[in-house]
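The structure appears right after this line, and notes come after that.
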Amino acid sequence: MRQARRDSFVRGAVILMVAALVTRVIGVFQRLPLYWMIGAEGNGLYTASYDYYAVVLGLSTSGINVAIAKQVAERMAVGDAAGARRVFRLSAWLMGIVGLMMSVAFYFASPFLASRGFGNPAAYLSFVAVAPAIFLVSLMAPYRGWFQGVQVMTPVGASLVVEQLARVVAMLALAYVLLPRGLHWAAAGAATGAAVGAVAGLIYLLYAYARGGLLQTSGSVQAPSLPAPGESAWSILQQTIRLAVPVSLASLMLQLFMLLDTNLVLHRLAVAGFDLKAATSAFGQLKGPATVLVNLPTVLTFAIANALVPAISEARVLGRTDQIQRHAAAAVRMSLWITIPALVGLYLLASPIQMLLFHDPGAGAVTRALAGAAIFLPLQMTSSAILQGLGRVTAPVWNLAAGAVVKLVLTWKLTADPSLGVNGAAYATAAGFFVAAALNLSLAQWYVGSVIEWLNMVIKPCLAATAMGLAVLGTYGWLYGLWPSNTVATLASIALGVVVYGLGMGLLGGIRAEDLEAAPGLVRTMRRLGLVR
């Protein structure tokens with residue numbers, strides 16, 4: 001059997017980040033033709049089913065991912081390879097049963113969810129179409145948790161890309177074929193892509209596992225396989241469930257947090273004076289173009305969180321407190337490096353980017369209102385992973401619940417204001433994630449020690465992002481005046497902004513060699529240019 005190589009925390013995070021970036025780029029460019037095809041109203045019907053699907057999926061799969069990864073990493077740290085394999089196999093059976101039950105329940109609940117939950121019965125077919133994907137994704141979760149636990153991240157990343165490619169091809173093809181039958185049919189065709197993608201991703205993971213998944217490694221050398229400590233199957237399942245349930249609740253809380261929009265926005269926009277068609281279109285702008293752009297920074301967060309939990313769990317078992325602190329600080333630092341300039345760029349170029357991508361400059365206003373979430377949502381996810389790795393799995397649930405209360409109150413109040421409309425829901429989302437992230441980071445500071453170094457993590461990126469913002473605004477205005485092409489002006493401004501921010505961080509000394517350990521060639525080049533310490 002071929003030998004796999006165990007990845008370091010940063011290398012594992014980079015592998016997952018690249019995979020997540022590829023899938024997100026595919027997802028963004030998939031949303032463009034879909035949005036052009038079915039418009040804001042059709043996108044609202046499609047997105048509504050996905051919001052509920054994400055809630056059920058988070059409840060059934062996210063916790064098992066973390067539970068398997070954590071238990072496998074802890075057992076591998078002490079050489080119990082047999083115990084790690086038992087955790088995986090028992091969890092896989094558990095997920096098959098749970099996933100099937102969730103999928104069937106979602107199917108039968110679809111009429112109620114569409115008409116009473118979302119408020120538009122036309123979304124019913126989309127709910128039905130997405131139901132099978134719950135079972136299929138549940139079958140994938142144990143395999144991804146296994147590879148994360150042994151810290152071999154390439155199969156996880158590759159499966160994400162395979163799943164996304166298959167999903168996109170299927171959803172666009174089915175939406176196109178079904179569009180003549182009406183927007184509700186086209187939206188259902190798009191929703192069916194989730195099941196097709198899950199089938200493709202599952203086939204790849206089965207292949208990867210059969211080819212090399214049973215191999216346990218430490219660095220490039222196999223870890224010793226010690227006898228299993230005689231745990232019963234029920235004991236292992238109890239441990240898995242005890243770990244999975246709080247994490248699933250945290251994921252459920254996150255999805256419920258986002259589901260507040262699906263349940264409240266249409267109803268509160270009606271109070272503000274919007275008819276059903278206009279309210280559905282406004283909801284489509286919020287959950288389509290605006291959310292797609294604001295969620296881009298979570299590509300990094302996804303990678304960091306999935307690599308961070310097993311890395312911190314292993315360090316905790318081995319008593320390496322200094323390593324825990326380094327991992328936690330590196331995760332927060334990497335998050336802030338990306339999210340601070342993302343917030344500035346999205347706010348300043350919201351309308352030009354929406355015009356470029358979605359041909360809908362009107363979505364720029366809600367994108368600007370939601371821009372704050374581009375920094376607070378990634379920080380909430382990263383800090384939750386730190387707490388989960390430390391075994392404090394219930395803390396993120398309560399903190400996100402506090403944020404959800406803030407969001408609920410603000411959404412109810414602001415969205416019904418005719419002067420704000422759907423922008424009120426966007427402001428409420430950003431405020432809710434701010435509360436959750438602040439509470440998480442406070443706890444992480446308490447348990448781990450300092451995870452935020454204000455000068456290098458906040459002040460220097462803010463200064464570099466300010467220079468970037470000035471360069472972006474000046475370049476866009478100058479180019480658009482010289483040659484009135486939004487495409488050219490927007491792309492050139494973004495490219496220059498990336499360069500200015502990178503140079504600014506280098507000149508300010510915000511980048512260190514250890515932060516780029518996954519790219520030694522880049523470190524050598526940046527050292528020669530004086531851009532890295």
Side-chain angles (χ1 to χ4, degrees), residues 31-32 34-55 110 112-127 129-130 175 182-184 186-188 190-191 255-295 350-351 354 357-371 373 377 404 407-408 410-433:
R31 294 294 287 267
L32 303 184
L34 182 66
Y35 196 81
W36 301 336
M37 195 186 308
I38 65 178
E41 183 180 2
N43 185 71
L45 299 175
Y46 160 75
T47 305
S49 66
Y50 252 70
D51 283 347
Y52 280 94
Y53 162 72
V55 168
S110 292
F112 176 82
L113 295 176
S115 60
R116 301 296 297 275
F118 177 53
N120 191 338
Y124 163 69
L125 287 176
S126 297
F127 280 84
V130 82
L183 280 179
H184 59 300
Q255 299 305 330
L256 289 175
F257 187 103
M258 302 307 295
L259 192 62
L260 286 174
D261 288 334
T262 307
N263 283 334
L264 292 180
V265 167
L266 260 64
H267 302 292
R268 300 306 290 167
L269 285 177
V271 174
F274 289 71
D275 60 30
L276 182 60
K277 182 179 179 64
T280 302
S281 295
F283 174 80
Q285 286 183 328
L286 170 66
K287 304 297 284 188
T291 299
V292 165
L293 290 183
V294 170
N295 278 349
S351 293
Q354 294 293 10
L357 296 179
F358 292 94
H359 299 172
D360 188 0
V366 68
T367 303
R368 283 190 293 273
L370 192 62
L377 171 57
K407 175 177 166 58
L408 173 63
L410 292 179
T411 299
W412 184 268
K413 177 67 176 177
L414 299 180
T415 309
D417 185 340
S419 66
L420 293 175
V422 75
N423 292 351
Y427 289 128
T429 298
F433 280 126

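For the atom pair Leu34 CG and Tyr46 OH, the distance stands at 6.5 Å (nearest 0.5 Å). Here the CG atom belonging to Leu269 is positioned 10.5 Å from the CG atom belonging to Asp275, to the nearest 0.5 angstrom. Taken to the nearest 0.5 Å, the CG atom of Leu266 stands 4.5 Å off from the OG1 atom of Thr280. Note that NE2 of His184 is 9.0 Å distant from CG of Leu45, once rounded to the nearest 0.5 Å. Distance check, rounded to the nearest 0.5 Å: CG of Asp417 to CZ of Arg268 gives 10.5 Å.
Between Ala187 and Gly42, the shortest heavy-atom distance links the atoms CB-O, 3.9 Å. Across all non-hydrogen atoms, the minimal contact from Ala114 to Ala123 is CB-C, 3.9 Å. Of all heavy-atom pairs spanning Ala191 and Ser126, the tightest one is CB-O, 3.7 Å. When all heavy atoms are compared, the tightest approach of Pro121 to Ser115 is CG-CB, 4.1 Å. Residues Ser351 and Gly364 share a closest heavy-atom pair of OG-CA, 3.5 Å. Of all heavy-atom pairs spanning Thr411 and Ala428, the tightest one is OG1-CB, 3.2 Å.
Distance alone, capped at 3.5 Å, places no donor-acceptor pair between the Gln354 side chain and the Thr367 backbone. Side-chain N or O atoms of Thr415 include none that pairs as donor or acceptor with a backbone N or O of Trp412 at under 3.5 Å.
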Go through Leu357 and Leu293 one step at a time and tell me if the side chain to side chain contact (heavy atoms under 4.5 Å, CB included) criterion holds.
CA-CA 10 Å; Leu357 296 179; Leu293 290 183; 3.7 Å; yes
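Put simply, the side chain of Leu377 does not reach to within 4.5 Å of the side chain of Thr429, judged on heavy atoms. Between Leu410 and Tyr427 there is no side-chain heavy-atom pair separated by less than 4.5 Å. Between Val422 and Phe274 there is no side-chain heavy-atom pair separated by less than 4.5 Å.
Every residue meeting the salt bridge (Lys or Arg N to Asp or Glu O under 4.0 Å) condition with Lys277, not counting sequence neighbours, appears here in chain and number order: Glu41. Partners of Ala426 under the side chain to side chain contact (heavy atoms under 4.5 Å, CB included) rule, at least two apart in sequence or in another chain, are Leu286, Val366, Ala369, Leu370. Taking His359 as the reference, Trp36 meet the ring pair (Phe, Tyr, Trp, His ring centres under 6.0 Å) condition, with sequence neighbours excluded.
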